[in-house]
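Right, one structure below, let's go through it.
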Amino acid sequence: MTDIKRITLSSLAAATLLASGAGTALAADYPVTDTAEVEATTATSSVDDATAIQRASNPRPVEGTFTWDQSTITSNERISQMFSKAVAHLCGSVADLAQDNPLQWRLAVSGDVANAFTATVDEMAAEDSVQDTMSCTCGANPTDGGATITAEVKGIPVTYLIERAEACDGANAITFISSDGTETMMPLGYVIGRHAVISYEVNGEDLSASVGGNNQLWMTRTPAGYFVRDIVEVRITKEEATPAIPGEGHTYPNSPNVGITTASVA
């Protein structure tokens with residue numbers, strides 16, 4: 001009789017293992033001597049498991065509100081506090097950020113163009129300038145990181161420079177040359193498509209009140225490391241091979257959410 005009960009309990013334990021982890025733990029942790037007791041425990045566990053599965057399959061609806069904001073303007077004071085040191089080394093840095101009058105800064109446009117010219121920012125702004133809400137984000141800025149700003153940016157559209165200089169057919173590259181001699185070449189189509197502007201004001205003040213310098217290239221959907229500053233020359237050329245896209249081949253923690261714009265630049 002003992003052997004029969006032992007076989008029955010073993011069979012039930014195996015069945016419980018298949019049907020319910022909770023039932024198995026109960027059978028293993030608490031010795032039972034009555035087959036009916038084991039059957040009752042197994043049945044209860046099966047009911048509990050079935051209820052849990054049903055609840056998991058049919059969760060109660062949850063209501064809530066999710067919001068996000070990319071239009072809050074970062075004050076120049078905060079930009080200066082948070083970014084003055086970083087941008088001096090990362091965001092299109094130049095060796096000397098001596099402040100000048102940004103409107104009197106002279107900018108030359110050269111290269112494969114029909115009408116090379118040199119003019120002050122003030123002269124060009126009188127013909128064409130834009131202002132829009134744009135964001136500048138470090139390519140290494142992680143999710144929820146602080147290396148990002150949103151500001152009202154005013155500047156000269158790069159498309160204005162291209163059109164005034166009358167770029168030659170086939171031109172596919174544009175190089176921004178900083179006052180320290182640094183040259184940054186990018187695909188011409190990329191820069192046009194990213195609504196690039198050479199800014200001279202941020203939040204209604206000269207750049208010296210925020211990111212520093214006299215002018216700075218701003219583009220949408222581009223890591224801030226390509227935001228060249230203190231530009232003295234823009235060279236438009238026809239290259240045998242189109243330059244690499246900024247950031248191509250790099251893996252940034254927050255790609256592709258870098259250099260975004262909160263409003264389209266006209």
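For the atom pair CG of D132 and NZ of K154, the computed distance is 12.5 Å after rounding to the nearest 0.5 Å. The distance from atom CG of D112 to atom CD1 of I236, rounded to the nearest 0.5 Å, is 9.0 Å. Rounded to the nearest 0.5 angstrom, I73 CD1 and R78 CZ are separated by 13.5 Å. From Y226, atom OH reaches atom CE of M186 across 8.5 Å, with rounding to the nearest 0.5 Å.
Between F227 and W218, the ring planes lie tilted relative to each other; the angle falls in the 30° to 60° range.
In this structure, R194 satisfies the cation-pi test against Y190, with its NZ or CZ atom closer than 6.0 Å to the six-membered ring centre and inside 45 degrees of the ring normal.
Under 3.5 Å, the side chains of D180 and T182 contain a donor-acceptor pair of N or O atoms. Between the side chains of S75 and E77, not a single donor N or O lies within less than 3.5 Å of an accepting N or O. Checked by atom type, the side-chain pair T150/S135 shows a donor-acceptor distance below 3.5 Å.
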Show the numbers, then the answer: is there a side-chain hydrogen bond (donor to acceptor under 3.5 Å, both in side chains) between E233 and S110? CA-CA 7 Å; E233 183 179 357; S110 63; 2.5 Å; yes
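Listed for the R229 side chain is a donor-acceptor partner under 3.5 Å among the backbone atoms of V211. Between the D206 side chain and the S208 main chain, no donor and acceptor come within less than 3.5 Å of each other.
By the 4.5 Å heavy-atom criterion applied to side chains, M134 and H195 are not counted as neighbours. Side-chain contact check for V153 versus Q216: every heavy-atom pair is 4.5 Å or farther apart.
Considering L188, V197, I198, I192 in turn, I198 is the only one that fulfils the side chain to side chain contact (heavy atoms under 4.5 Å, CB included) rule with V158.
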